[in-house]
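Only one structure is covered here, and it is reproduced in the block below.
Residue numbering restarts at 1 for every chain, and letters A, B, ... go by the order of the sequence lines.
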There are 2 protein chains.
Amino acid sequence: MPGPSEELLDVVVGLLVEHGFEGISIRRVAASAGVSIGAVQHHFPTKDALLAAAMARVDDQVGAQLLRSAQAASSPAGALRAVAAGLVPLEPAERGAGVVWLVQVARAAVHEPTATAYRASWQRVEEALARLLGAARPDLGPGAVLDRAAALLALLDGLATARVAEPGRMPPSRARRLLDHHLDALLAP
Amino acid sequence: MPGPSEELLDVVVGLLVEHGFEGISIRRVAASAGVSIGAVQHHFPTKDALLAAAMARVDDQVGAQLLRSAQAASSPAGALRAVAAGLVPLEPAERGAGVVWLVQVARAAVHEPTATAYRASWQRVEEALARLLGAARPDLGPGAVLDRAAALLALLDGLATARVAEPGRMPPSRARRLLDHHLDALLAP
DNA sequence: CCCCGGACCATACGATCGTATGGTTGGCTT
DNA sequence: AAGCCAACCATACGATCGTATGGTCCGGGG
């Protein structure tokens with residue numbers, strides 16, 4: 001059961017998905033959560049702290065979800081496929097997570113504190129992908145594994161971007177097909 | 001020679017690169033351009049019109065640049081390579097265009113007018129890539145051409161995102177290597 | 001029983017925002 | 001010379017912003 005702070009963060013995430021960073025204000029968060037301005041201030045001293053906590057929360061949730069799906073797989077190749085699929089908002093219900101990722105990475109381009117957090121998170125993602133790919137393709141050298149993991153991550157980011165911003169051009173079926181095609185070629189001996 | 005409106009738009013783009021959409025206000029644009037608030041209002045009636053015009057301007061500039069580099073190539077494969085390289089901010093000097101693209105696509109996720117303009121633009125980009133790829137690989141069926149063009153565009157978007165938000169993890173040399181590797185495999189018979 | 005600290009609220013302050021209004025140039029046309 | 005129009009400016013209005021301040025409520029430990 002989430003505490004009151006977590007409920008506030010979920011409200012922030014909801015507003016972030018709907019209106020982006022520009023649409024977020026302490027007053028709106030308070031109103032949307034049904035509390036007063038002071039309540040928000042009580043849990044998070046400044047707006048920056050509130051936004052940072054909200055982004056850290058979704059980061060943790062996504063990371064935990066990826067870890068779970070990877071551990072549920074029976075082979076490194078299966079785990080790689082699961083993690084890759086988890087990084088692209090294929091279903092419309094996953095669009096929220098994709099929007100949060102997109103507005104966060106755009107903020108990282110112009111806001112240094114956001115950038116440091118994002119870089120650390122995505123560095124870990126690339127390393128995880130490389131680890132799984134190295135286990136699934138023991139014939140590849142370590143340099144090739146790193147580069148192909150980075151290329152895979154770039155494709156995943158691009159698919160996520162298209163899914164979020166252009167769902168018409170990139171419907172779920174197409175995203176899935178492009179992802180599977182790339183993974184098939186990547187995992188072929 | 002750019003008129004006063006274009007100078008204002010260039011100022012907007014500069015602020016966009018430095019601070020994103022959140023850092024843009026009529027007053028800041030006016031101050032940064034060395035004119036009054038009323039001057040900005042005279043050329044663009046509202047803030048939305050100003051932002052839309054600024055994004056349309058960079059869109060036109062990028063499109064013209066891509067068209068030029070494609071026409072300068074001597075083969076469809078060369079044109080494809082040129083267009084692909086032009087869509088990724090490889091050099092640090094091109095980072096500005098990448099930042100504008102990233103903040104624009106993030107805004108498209110939460111702002112419908114931005115989304116419609118972005119979708120139209122990127123739809124044209126995918127079609128151009130597919131046309132060049134179809135000419136370079138006549139052995140491919142039209143469906144395969146479309147899908148591989150979309151996968152290439154996703155990779156380019158992901159590389160651009162990483163170049164802008166994580167220049168440490170994705171230095172120019174690595175982005176170029178990943179791009180060339182993908183294009184080599186794509187253009188191989 | 002007291003009281004104390006965390007959770008929450010009401011309100012206020014100064015700053016900044018987008019936009020509206022009306023006036024002032026300065027060059028060009030007729 | 002007269003007038004017109006685009007370009008530009010100074011200022012003002014109401015709204016919203018982030019944050020600070022001081023109070024109220026209430027459940028658990030002394």
Side-chain angles (χ1 to χ4, degrees), chain A residues 1-57 100 103-104 106-108 110-115 117, chain B residues 1-57 100 103-104 106-108 110-115 117:
Chain A
M1 55 201 66
S5 292
E6 283 77 16
E7 285 188 29
L8 277 181
L9 294 183
D10 287 341
V11 167
V12 171
V13 170
L15 290 176
L16 219 49
V17 170
E18 220 173 336
H19 305 106
F21 280 100
E22 295 186 279
I24 287 206
S25 72
I26 305 289
R27 281 167 175 81
R28 229 198 282 260
V29 171
S32 185
V35 298
S36 73
I37 299 176
V40 180
Q41 292 179 301
H42 176 73
H43 293 277
F44 303 96
T46 68
K47 185 184 182 180
D48 277 348
L50 176 66
L51 292 177
M55 298 190 321
R57 176 166 166 83
V100 170
V103 299
Q104 177 179 8
R107 187 172 214 240
V110 295
H111 187 251
E112 199 50 33
T114 302
Chain B
M1 54 203 73
S5 292
E6 283 75 17
E7 284 188 30
L8 278 181
L9 293 183
D10 287 342
V11 167
V12 171
V13 170
L15 290 175
L16 219 49
V17 170
E18 219 172 335
H19 303 107
F21 280 100
E22 296 186 279
I24 289 206
S25 72
I26 304 290
R27 281 168 175 81
R28 230 199 281 261
V29 171
S32 185
V35 298
S36 73
I37 299 176
V40 180
Q41 292 180 301
H42 176 72
H43 292 279
F44 302 96
T46 68
K47 185 185 183 182
D48 277 347
L50 176 65
L51 293 177
M55 300 189 320
R57 177 167 165 84
V100 171
V103 300
Q104 177 179 8
R107 186 172 216 242
V110 295
H111 187 252
E112 199 52 34
T114 302

N/O donor to acceptor pairs below 3.5 angstrom from side-chain atoms of residues 37-48 of chain B, sequence neighbours left out:
from, atom 1, to, atom 2, distance (Å)
B:His43, ND1, B:Ser5, OG, 2.9
B:Thr46, OG1, B:Ala49, N, 3.2
B:Lys47, NZ, B:Ile24, O, 3.0

Under 3.5 Å donor-acceptor pairs involving side-chain atoms of residues 8-21 of chain A, not counting sequence neighbours:
from, atom 1, to, atom 2, distance (Å)
A:Asp10, OD1, A:Arg57, NE, 3.0
A:Asp10, OD1, A:Arg57, NH2, 3.2
A:Asp10, OD2, A:Arg57, NH2, 3.3

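Whole-Å rounding puts the A:Glu22 CD to D:dC17 P distance at 13 Å. Between the CD1 atom of B:Ile26 and the C1' atom of D:dC13 there is a distance of 16 Å, given to the nearest Å. The separation between A:His19 atom NE2 and D:dC17 atom P is 12 Å, rounded to whole Å. When rounded to the nearest whole Å, the span between CD of A:Glu6 and C1' of C:dA7 equals 15 Å. The distance from atom CD1 of A:Ile24 to atom P of C:dC17 is 19 Å, rounded to the nearest whole Å. As a whole-Å value, the separation of A:Arg27 CZ from C:dC9 C1' is 14 Å. Summarising the geometry, the separation between NZ on B:Lys47 and P on C:dG18 is reported as 4 Å, rounded to the nearest angstrom. Taking atom CG on B:Leu50 and atom C1' on C:dC17, their separation rounds to 14 Å, with Å as the unit.
Relative to the axis of its first five pairs, the axis of the last five pairs of the helix from C:dC1-D:dG30 to C:dT30-D:dA1 sits at 10°, rounded to 10 degrees.
Residue pairs meeting the side chain to side chain donor-acceptor pair (under 3.5 Å) criterion with at least one member in residues 25-34 of chain B, sequence neighbours excluded, do not occur.
In this structure, B:Ala108 and B:Ala115 approach most closely via the heavy-atom pair O-CB, 3.2 Å. Taking both residues in full, the closest heavy atoms of B:Ala106 and A:Ala106 are given as CB-CB, 3.4 Å, listed atom of the first, atom of the second, then distance.
Contact annotation: the side chain of A:Arg107 never approaches that of B:Val103 to less than 4.5 Å [non-hydrogen atoms, C-beta and beyond]. The shortest distance between side-chain heavy atoms of A:Gln104 and A:Thr114 falls below 4.5 Å.
A:Glu22 CD to B:His111 NE2: the interatomic distance, rounded to the nearest 0.5 Å, is 8.0 Å.
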- Query: If the sugar-phosphate is the primed atoms plus P, OP1 and OP2 and the base is the rest, what is the B/S/- string for nucleotides 22-28 of chain D, using protein heavy atoms under 4.0 Å?
  - Reply: -------
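The A:Ser25 side chain lies nearest to D:dC17 when the options are D:dC17, D:dT19, C:dC17.
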Polar atoms only, N or O, under 3.5 Å: list the protein pairs with nucleotides 4-10 of chain D and their distances.
from, atom 1, to, atom 2, distance (Å)
D:dA7, OP2, B:His42, NE2, 3.0
D:dC8, OP2, B:His43, NE2, 2.5
D:dC9, OP2, B:Ser36, N, 2.6
D:dC9, OP2, B:Ser36, OG, 3.0
D:dC9, O5', B:Ser36, OG, 3.4

